[in-house]
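These numbers come from the heavy atoms of this one structure, side chains and all, not from hydrogens, waters or symmetry mates. If you read the sequence from its start, that first residue is 1, and numbering goes on from there. This one's a predicted model, so the numbers in the text were calculated from it and none came from an experiment.
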Amino acid sequence: MSRVIHKFTTRVPTWRPHITPIDFDKATPAQQEALKETPSNTKISDYVLVLAHDPEPLRIRTSLFNGIMYDKGGLSREERELGAVAASVVNRCIYCAAVHAQRYNNLTRDERVMQEIFFNGEKADIDARQRAILKFGMRLSECPPKVTDDDIASLREVGLDDQEILDLTLSTTLFGWANRLMHTLGEPVSGA
């Protein structure tokens with residue numbers, strides 16, 4: 001027996017799909033082609049196997065995801081992960097928040113920032129750059145977005161340049177979309 005998780009955690013839960021994932025061994029040639037490249041070049045998850053029901057959008061989405069989250073230059077990897085976490089917190093996507101908080105923690109070797117964010121949200125006691133990134137990401141993820149010129153000015157004040165602001169915008173909005181998709185296709189659960 002498993003139970004749905006409602007609280008943020010850095011421990012990645014199991015994602016239970018509402019739709020049966022495709023069987024990789026029985027995938028069509030188009031599905032196999034779409035599954036050659038995976039998000040973050042890791043194992044093929046049930047989420048990706050669900051998305052493989054429609055292989056062409058999956059192929060495009062995976063390339064876009066990898067480009068936004070892992071291309072060289074611009075915003076640092078850990079700050080892109082922070083943008084993903086900001087969106088996931090606003091959208092209450094427990095699974096994405098856990099995955100990207102864990103990646104942030106692995107990159108920085110510092111669990112305190114994510115603990116602060118999960119306990120205190122936008123009021124987290126973190127450094128000025130992290131706080132500006134978090135606030136921007138959270139405000140951008142509201143529906144409708146609440147980003148103002150002041151939020152952009154705050155990012156510039158802590159040293160972000162145009163490319164970094166673009167990378168933050170892309171990583172955050174990518175997760176605004178991904179979070180909403182995950183909510184409709186499944187839910188995070190823990191073991192009994």
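Between Y104 and D110, the shortest heavy-atom contact is CE2-O, 4.2 Å. The heavy-atom pair separating A87 from G176 by the smallest distance is CB-N, 4.0 Å. Looking at every heavy atom in both residues, S171 comes nearest to G83 through OG-CA, 4.4 Å. A pairwise comparison of heavy atoms in A132 and S154 identifies CB-O, 4.0 Å as the closest pair. When all heavy atoms of S141 and T172 are compared, the pair lying nearest together is OG-CG2, 3.4 Å. Of all heavy-atom pairs spanning G73 and D167, the tightest one is O-OD2, 3.9 Å.
The number of heavy atoms from other shown groups lying within 6.0 Å of CG (D149) does not exceed 12.
Note: the hydrophobic cluster containing I60 does not contain L181 (ILVMFWY, side chain heavy atoms under 4.5 Å, direct or indirect links). Both L134 and V158 sit in one connected hydrophobic cluster of ILVMFWY residues. Membership requires side-chain heavy atoms under 4.5 Å apart, directly or through other members. Tracing side-chain contacts under 4.5 Å through hydrophobic residues (I, L, V, M, F, W, Y), one reaches L140 starting from I133; they form part of the same cluster. Both F136 and V90 sit in one connected hydrophobic cluster of ILVMFWY residues. Membership requires side-chain heavy atoms under 4.5 Å apart, directly or through other members. Clustering ILVMFWY residues whenever any of their side-chain heavy atoms sit less than 4.5 angstrom apart, transitively, puts V12 in a cluster other than the one holding V85.
In this structure the side chain of L75 never reaches within 4.5 angstrom of the side chain of Q163, judged on heavy atoms. Two residues are said to be in side-chain contact when any heavy atoms from C-beta on lie closer than 4.5 Å; L185 and L51 meet this criterion. Looking at V89 and F118, their side chains come closer than 4.5 Å, going by heavy atoms from C-beta outward. Here the side chains of K36 and Q32 are not in contact, with every heavy-atom distance at 4.5 Å or above. M182 places a side-chain heavy atom less than 4.5 Å from the side chain of C96. A heavy-atom distance below 4.5 Å is found between the side chains of R92 and I94. Here the side chains of P55 and E33 are not in contact, with every heavy-atom distance at 4.5 Å or above. Side-chain contact between T14 and S190 is absent, with no heavy atoms from C-beta onward closer than 4.5 Å.
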Walk me through it: do W177 and R61 pass the test side-chain contact (heavy atoms from CB on, under 4.5 Å)?
CA-CA 11 Å; W177 170 81; R61 176 237 182 250; 3.7 Å; yes

E37 vs R59, test: side-chain contact (heavy atoms from CB on, under 4.5 Å). Steps then yes/no.
CA-CA 8 Å; E37 181 183 6; R59 187 184 61 74; over 6 Å; no

Should L170 and L174 be marked as a side-chain contact (heavy atoms from CB on, under 4.5 Å) after you check the CA-CA gap, both sets of side-chain angles, and the distance that decides it?
CA-CA 6 Å; L170 293 173; L174 175 69; over 6 Å; no

For E142 and R139: C-alpha separation, side-chain torsions, deciding distance, then whether salt bridge (charged side-chain N to carboxylate O under 4.0 Å, His left out) applies.
CA-CA 5 Å; E142 294 288 330; R139 293 175 63 86; over 6 Å; no

Checking L58 against H53 for the side-chain contact (heavy atoms from CB on, under 4.5 Å) test, could you report, in this order, the C-alpha distance in whole Å, the side-chain angles of both residues, the deciding distance, and whether it holds?
CA-CA 9 Å; L58 172 61; H53 282 288; over 6 Å; no

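A donor-acceptor contact shorter than 3.5 Å is absent between the side chain of R156 and the backbone of I152. Between the side chain of Q31 and the backbone N or O of T28 there is at least one donor-acceptor pair closer than 3.5 Å. Using a distance-only test at 3.5 Å, with no hydrogens or angles considered, a donor-acceptor pair links the side chain of S45 to the main chain of V48. In terms of modelled atom types and a separation under 3.5 Å, the side chain of D54 and the main chain of P57 share no donor-acceptor contact. E116 places no side-chain N or O within 3.5 Å of a backbone atom of I126 that could act as its donor or acceptor partner.
In this structure, CD in E187 is found 4.5 Å from CZ in R16, a value given to the nearest 0.5 Å. In this structure, the separation between OG1 on T184 and CD1 on I19 is 7.5 Å, given to the nearest 0.5 Å. The CE atom of M114 sits 7.5 Å away from the OG1 atom of T108 when rounded to the nearest 0.5 Å. Summarising the geometry, atom OG1 belonging to T62 is positioned 8.0 Å from atom CG belonging to L35; distances are rounded to the nearest 0.5 Å. Between the CZ atom in R131 and the NZ atom in K123 there is a gap of 13.0 Å [rounded to 0.5 Å]. Taken to the nearest 0.5 Å, the CD1 atom of I68 stands 9.0 Å off from the CZ atom of R80.
Between the side chains of Q102 and N106, not a single donor N or O lies within less than 3.5 Å of an accepting N or O. T148 and D151 form a side-chain donor-acceptor contact under 3.5 Å, judged by distance and modelled atom types alone. There is a side-chain donor-acceptor pair under 3.5 Å between E79 and S76.
For R129 and E164, the salt-bridge test passes: some basic side-chain N is under 4.0 Å from an acidic carboxylate O.
Using cut-offs of 30° and 60° for the angle between ring planes, the W15 and Y95 rings count as tilted.
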